[in-house]
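Only one structure is covered here, and it is reproduced in the block below.
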Amino acid sequence: MKKIIFSIVFLTIGWATSKAQTFNLGVKAGVNLAKLNADFASEENRLGYQVGAWARIGGASFYVQPEAYIGSKGNKFISITQDNGNEVAAEGKVKFTTLDVPVLLGTKFGAKNLNFRLMAGPVISFILDENSSFSSAYQQATDFDNYKNQALGLQAGAGVDVGSISVDLRYEAGLSNISKSEKYSQKPNLFQLSLGFKIL
């Protein structure tokens, strides 16, 4: 599945590059509001950050935007559903530092120095560091605190460009289970707000 998605994306980038009328580079920074959606526990959003760079390749209305940025994502579990079906209060915390590489396909409309954008595309997140702590109630969940080193997601959102400044608001939905457990599922989901600056 990953190979098919990224083959389509890279073919699209190649096509867009061959037809490109514009090429821009920029930097960005922002905040994330993230959580791990779990099918066995209640969770709360955690605040994180992102900082990195982007490129935009395209024509008058269609563009491809690959990015790379370092970010932090986390989750706070506040309860767990036990094997007997009872939900008990139990705290668990996890924080990831990730390298995120989205490739977004988008459209834009408006004037040269003021335009609006819509975009969507896949993102792969590589786990650079993971820090977690869980109360004893989570010991029944096999490999609950054992995480994979990457996750696949889908981003969609909107943005606005004012001169060299850009503001993006996106939602990222996790497509793959980041937990190594065969019994329990955890999928990262987040909202992100970023401020970008075009340097080229």
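The figures here come from the full heavy-atom set of this structure, side chains too, leaving out hydrogens, waters and symmetry mates.
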Residue pairs passing the ring-ring contact (aromatic ring centres under 6.0 Å, His included) test with at least one member in residues 104-126, sequence neighbours excluded, are none
Does S181 reach the main-chain N or O of K183 with its side chain, forming a donor-acceptor pair under 3.5 Å?
-> yes
Distance-only, no hydrogens or angles: does the D161 side chain make a donor-acceptor pair with backbone N or O of L114 under 3.5 Å?
-> no
Is there a donor-acceptor pair closer than 3.5 Å between any side-chain N or O of T22 and the backbone N or O of G58?
-> yes
Verify salt bridge (charged side-chain N to carboxylate O under 4.0 Å, His left out) between K93 and E91, making sure each step is shown before the conclusion.
-> CA-CA 7 Å; K93 295 180 181 178; E91 186 172 287; 3.8 Å; yes
Given the rule in the side-chain contact (heavy atoms from CB on, under 4.5 Å) test, do N24 and L200 qualify, once you have shown the distances and angles that lead to the verdict?
-> CA-CA 5 Å; N24 301 121; L200 178 63; 5.9 Å; no
Nearest 0.5 Å, what's the CD-CG distance between E43 and N37?
-> 5.5 Å
Taking a hydrophobic cluster as the set of Ile, Leu, Val, Met, Phe, Trp and Tyr residues connected by side-chain heavy atoms closer than 4.5 Å, whether directly or through intermediates, do V160 and L169 fall within one such cluster?
-> yes
Donor-acceptor under 3.5 Å (S72 side chain, Y49 main chain) | yes
Ring geometry between Y147 and F96 (parallel below 30°, tilted from 30 to 60°, perpendicular above 60°) | perpendicular
So, K180 and E130, do they make that salt bridge, N to O below 4.0 Å?
-> no
Is the side chain of N189 donor-acceptor paired with the backbone N or O of G174 at a distance under 3.5 Å, no angle test?
-> yes
